[in-house]
Amino acid sequence: AALRGRVAPFAVGATYLGTSLALTQIGAGAELAFGRFQLSKLKVAALLDYELSITSASAGNYKTSQTAHRGGIGLRFVLPSAEPVRVEPPPPSGPGVLKGRVVRAGGRAASAGTRVEVAGHAPVTVDTTGAFRFEGVGPGKVTVRASAEGFESVEQEAEVPPGGEADAQLVLSKPVGPGSLKGKVLIAAPKGPAANVPVEVAGKPPVTTGADGSFVIAQVGPGPVTVKVQAAGFKPAEEVVSIPPGGEAEVTLTLVKVGAPKPLAVLRGLVRTEAGAPVQASVKIPEANATLKAGPDGRFVAHVPGGKYTVLIEAPGFVSQTKVVSVADGEQAIFICDLRRKVQ
């Protein structure tokens, strides 16, 4: 429906009895459309139209007016302009990308050898900035894990959007908690395992060796701990062992019968990098005419008579070190050697 109106006063430029003729026109109308019908692309509406018009004129003391009524019936045709077709892009789908960085506590980038793993994908190592990237991951929640020598492994969960990208930052920390100690107790002569022998570490309840002389003590250290063994008919045995934080240390204690000859002294050591990784170094003791090889865990043991010894430690790619150690019969000397890499 529509309403319209107008008021139009104007002079017609004529005179009557010498007086100018003034004319005023007032109009009002209404239009009503019934329905909208679709014919192909045409839109059709039926119309009813009515208009009332009143015109008045005056000249001096003379006035006149005229009223007009107008009605009508009709059709209206509208051809709408073509609307652009909107094509919505399909929602993203499929796997995405997982990228991120591995840093050490404090913000320093992790070393280039740091390993990063995501289930179902080949492991990668980070670059010099600690960055890593996995293609074709997810979509959905995935777990990324980072590990490096001398650090505790760390995991983080990330949400990879379909066809999108997710970021993760993993922080490696040095282990600080206690470790564990495992070892064996042996009898010097006749040589064999010492079964059912109590083994003590300060602050821990004693444990008893098994049939093969083995024992395990959990939650000890970190740092140096003293291990003691006492058995009837044998001299007490005692060793000082360094427990790495969150790691494991091994020790072998030998029981000597009372009245037996003096036992040999023990030179025990651990060779590692400055970052804490074990090194299978060569260990030479000239005074004892002995050459040893550190094991995969970087540890070595030498049994020598009491005295003063020079210990030379060498490994390819590292700066050699020399240590002078004094040890008495039946005693033990323990030391840790951190090797520095040679500058190329």
Side-chain angles (χ1 to χ4, degrees), residues 100-119 123 125-126 130 132 142-158 168-185 198-210 213-229 237-253 266 268-281 294-301 332-341:
R101 290 186 70 219
V102 183
V103 298
R104 300 179 183 180
R108 182 182 173 189
S111 60
T114 300
R115 179 186 175 99
V116 184
E117 300 171 78
V118 171
T125 54
V126 301
F132 65 88
V142 296
T143 300
V144 56
R145 181 176 184 270
S147 57
E149 289 183 353
F151 293 87
E152 290 185 333
S153 299
V154 61
E155 290 185 355
Q156 182 179 325
E157 195 173 74
Q169 178 157 310
L170 298 99
V171 181
L172 294 173
S173 301
K174 289 277 191 181
V176 294
S180 62
L181 173 66
K182 70 176 184 178
K184 282 190 174 185
V185 180
V199 181
E200 297 180 19
V201 170
K204 304 291 292 184
V207 299
T208 303
T209 60
S214 64
F215 67 90
V216 176
I217 304 177
Q219 297 293 305
V220 290
V225 297
T226 301
V227 188
K228 297 180 179 180
V229 178
E238 183 177 303
E239 297 276 4
V240 177
V241 185
S242 179
I243 310 294
E248 184 181 76
E250 293 187 29
V251 64
T252 299
L253 298 99
V266 179
R268 190 183 302 274
L270 169 63
V271 186
R272 63 187 186 185
T273 66
E274 292 181 317
V279 178
Q280 289 184 270
D297 59 356
R299 300 179 187 277
F300 67 89
V301 178
Q332 177 178 233
I334 298 177
F335 55 89
I336 297 175
C337 180
D338 292 334
L339 294 182
R340 180 168 50 89
R341 293 186 182 276

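Positions are given from 1, in the same order as the sequence printed here.
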Where do [X] and [Y] come nearest, in terms of heavy atoms and distance?
X	Y	answer
Lys174	Ala275	NZ-O, 3.5 Å
Val220	Ile243	O-CG2, 3.5 Å
Gly130	Ala109	N-CB, 4.1 Å
Pro175	Pro245	O-CB, 3.0 Å
Val185	Val199	CG2-CG2, 4.0 Å
Val103	Gln169	CG2-NE2, 4.0 Å

Please tell me if the side chains of [X] and [Y] come closer than 4.5 Å, counting only heavy atoms from C-beta onward.
X	Y	result
Ser153	Arg145	yes
Arg299	Pro278	no
Val301	Thr252	no
Phe151	Thr114	no
Cys337	Leu339	yes
Ser242	Leu270	no
Val126	Arg101	no
Val216	Val207	no

*Polar side-chain atom of Lys184 near backbone of Thr209 as donor-acceptor pair, under 3.5 Å*: no
Pairwise distance [atom1]([X]) to [atom2]([Y]) - rounded to 0.5 angstrom:
X	Y	atom1	atom2	value
Asp338	Arg272	CG	CZ	4.5 Å
Thr143	Glu117	OG1	CD	12.0 Å
Leu181	Glu250	CG	CD	9.0 Å

*cation_pi(Lys182, Phe215) dist<6.0 Å, angle<=45*: no
*Salt-bridge test for Lys228 and Glu200: reply yes if a basic N is under 4.0 Å from a carboxylate O, no otherwise.*
no
*Step by step, would you call Val171 with Val154 a side-chain contact (heavy atoms from CB on, under 4.5 Å)?*
CA-CA 7 Å; Val171 181; Val154 61; 5.9 Å; no
_Atom CD of residue position Gln156 - does it have more than 12 heavy atoms of other residues, nucleotides or ligands inside 6.0 Å?_
yes
